[in-house]
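Both counts, for ligands and for their atoms, begin at 1 and track the order of listing. Numbers here are sequence positions counted from 1.
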Amino acid sequence: MPGGMLLSEIYNQIKYNIKADRIGPDIPFTHWRLYFRSTMKKICTKKFLYFGDGAQFRAGAYAVGCSKIKIGKRVVIRPNTMLFGETNDPLDVSITIEDDVMMGVGVQIYVNNHRFDTSKTPFIDQGYYPDEAVVIRNGSWIGANVIILPGVEIGECTVIGAGSIVTKSIPPHTLAVGNPARVIRKIE
Ligand SMILES: CC(C)(COP(=O)(O)OP(=O)(O)OC[C@H]1O[C@@H](n2cnc3c(N)ncnc32)[C@H](O)[C@@H]1OP(=O)(O)O)[C@@H](O)C(=O)NCCC(=O)NCCS
């Protein structure tokens, strides 16, 4: 009977959502907790490897592989952000966002690439290249809609302009912009 089927789907979703190593609008039965400070803090402290004092994870943001992600003190993760920290390799930490980092909306961080060694086999069957952790050092500012690719480290107190695609590590105390992101000046 359709009603009974829906009820069992809801039950299975609730069970999956509670255990899932992820948070986001696609995980509704834990996502609602992000709307309230106390429940937000509780679920984030439980799901993330580290969730610093004063950190916030706002409704509308996604994180996958939370148990490998560190979010530093006073870091606010805003709507449409995607922290894709799920790791196929045994990386202890996939994404580290250190203390006092500011991030605009819609930032995307990835730690893996699909293999595409040959076009004779569908890429979907080729697995992944080894995962590479991403680190954002203390006090940086990541503009809105920045995309950070696997293996990138963003140095301390560095600014990344809005919409930049960061393909390589960026040194500390610099401003980098564009696609691919290039350092355009130092920040004294
Ligand atoms: C980078 C930024 C902070 C401006 O810094 P600035 O030192 O004032 O830089 P300028 O505006 O003088 O720009 C310097 C050069 O970089 C370019 N530039 C600036 N921001 C850029 C961006 N996001 N992407 C690509 N190029 C950019 C400018 O066009 C300029 O190029 P030119 O020298 O060829 O004319 C600003 O452009 C920016 O991206 N802010 C992010 C805003 C945001 O995401 N807010 C979210 C709230 S958390």
Which ring pair (Phe, Tyr, Trp, His ring centres under 6.0 Å) pairs, counting each pair once, include a residue from residues 54-100, with sequence neighbours left out?
F48-F57
So for atom CZ, which belongs to F29, do other residues, nucleotides or ligands contribute more than 12 heavy atoms lying within a distance under 6.0 Å?
yes
Are more than 12 heavy atoms from other residues, nucleotides or ligands located less than 6.0 Å from atom NZ of K47?
yes
Quick check on ligand 1: any N or O pairs to the protein under 3.5 Å? One line per pair.
residue  : atom   : partner : partner atom : Å
ligand 1 : 7 (O)  : R185    : NH2          : 2.8
ligand 1 : 23 (N) : A162    : N            : 3.2
ligand 1 : 23 (N) : A162    : O            : 2.8
ligand 1 : 39 (O) : A162    : N            : 2.9
ligand 1 : 44 (O) : A144    : N            : 2.7

Sub-3.5 Å donor-acceptor pair from the side chain of T96 to the main-chain atoms of V135, do we have one?
no
Salt bridge check, D100 against R74: does any charged N sit closer than 4.0 Å to a carboxylate O?
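A salt bridge links R74 with D100.
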Check the side chains of Y11 and Q13 for a donor-acceptor pair under 3.5 angstrom, ignoring hydrogens and angles.
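No pair is found: no donor N or O on one side chain lies under 3.5 Å from an acceptor on the other.
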